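These numbers come from the heavy atoms of this one structure, side chains and all, not from hydrogens, waters or symmetry mates. Note that the structure is predicted; figures quoted are calculated from it, not measured. Indexing begins at 1, ligand by ligand and atom by atom, following the structure's order.
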Amino acid sequence: MSEALLGGRFTFPGTSFTVRRLGYGAMQLAGPEVWGPPEDPDGAVTVLREAVAAGVNHIDTSDYYGPHVTNQIIRQALYPYPAGLVIVTKLGARRPPDKSWQPAISPQDLTAGVHDNLRNLGLDALDIVNYRVMGSGLGPEEGSIAEQVTVLADLRRKGLIRHVGLSNVTAAQVAEAKEITDVVCVQNHYNLAHRHDDTLIDDLARQGVAYVPFFPLGGFTPLQSSTLTSVANRLAATPMQVALAWLLHRSPNILLIPGTSSVAHLGENLAAGQLTLSPQTLAELDGIVANASL
Ligand SMILES: NC(=O)c1ccc[n+]([C@@H]2O[C@H](COP(=O)([O-])OP(=O)(O)OC[C@H]3O[C@@H](n4cnc5c(N)ncnc54)[C@H](OP(=O)(O)O)[C@@H]3O)[C@@H](O)[C@H]2O)c1
């Protein structure tokens, strides 16, 4: 397979995990509101198998998607897992019956979360586990995460976790965590129209740490911009493909995990790796943030 396939490759620092930069985020495979089974369970299995058949070897998930449902679908679709597949999961939340997202951050919660992931994915050890910080609002909030990262580092020493990442964090929290254990990736909200992490991305790039934007297509509020549409029309691409290609061009440490429950959208998203954006087009797209609706 060509090196350029799916955006080229990236190796998580200090690991033997090399992935294609275009991966897949599994959150859309659960039912509405990321709760319960999907409306089309066979379709969900097909999307995962098509992704892996196309060369995807980086899948993002969590046992609190569903809850449990997404991991169970991944296992059903892909177990025994192909060599080289890296499954990244996250801890830090739980879903009570009212479908809300609540913090689950005690040592007992985090340890139970690791065992839930192991059981539902059918694994003896988790490749990468992100500690997802649950703040009171939408974005990251300052505050020590040392206690939770120490628990993950202990689980790593016990062999249940291979590598540790972080999600929804500030630069100070990344620095704090790195004093406790190696951090291989950071997963925060970032896309063409939501660029609070520009400085963090560049800092992590210098350290060789992966930056994995969640909501790369805008998440629950799909990206919409007349500039994006006009660039896409000019390139005979879709706006979503241009949004993904822009992220691939933004920094070599950016890995993509767009989520979809549709085989057609999956194919479109993976084809974004073939799109080359000129410096002029990149400058035009950079201008979107000034008029962002997000
Ligand atoms: N760490 C965190 O806190 C956090 C938070 C959110 C998400 N995540 C992770 O990040 C991944 C990506 O985020 P996300 O799935 O929420 O948002 P996203 O990738 O930005 O967008 C997904 C939405 O876009 C649609 N879509 C996908 N491809 C499309 C295309 N080619 N054309 C038109 N629409 C398209 C999907 O609908 P269809 O199903 O109809 O394609 C879905 O509604 C998740 O799957 C999850 O693994 C992490």
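Phe215 has its ring centre no less than 6.0 Å from the ring centre of Tyr190.
Salt-bridge annotation for Lys90 and Asp63: absent, with no side-chain N of the basic residue lying under 4.0 Å from a carboxylate O of the acidic one. Of the charged side-chain nitrogens involved, at least one lies within less than 4.0 Å of a carboxylate oxygen, so that Asp198 and Arg250 count as a salt-bridged pair. Note on Glu33 versus Arg95: no salt bridge recorded, every NZ/NE/NH1/NH2 to OD/OE distance being 4.0 Å or above.
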Test side chain to side chain contact (heavy atoms under 4.5 Å, CB included) on Asn269 and Leu217; report intermediate values, then the result. CA-CA 10 Å; Asn269 296 345; Leu217 301 174; 4.2 Å; yes
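Within 4.0 Å of ligand 1, the residues that place a heavy atom are Gly25, Ala26, Met27, Gln28, Asp60, Tyr65, Lys90, Arg132, Ser167, Gln187, Phe214, Phe215, Pro216, Leu217, Gly218, Gly219, Met240, Ile257, Pro258, Gly259, Thr260, Ser261, His265, Glu268, Asn269, listed by chain and number.
The aromatic rings of His194 and His189 sit parallel to each other, their planes meeting at less than 30°, with 60° as the upper class boundary.
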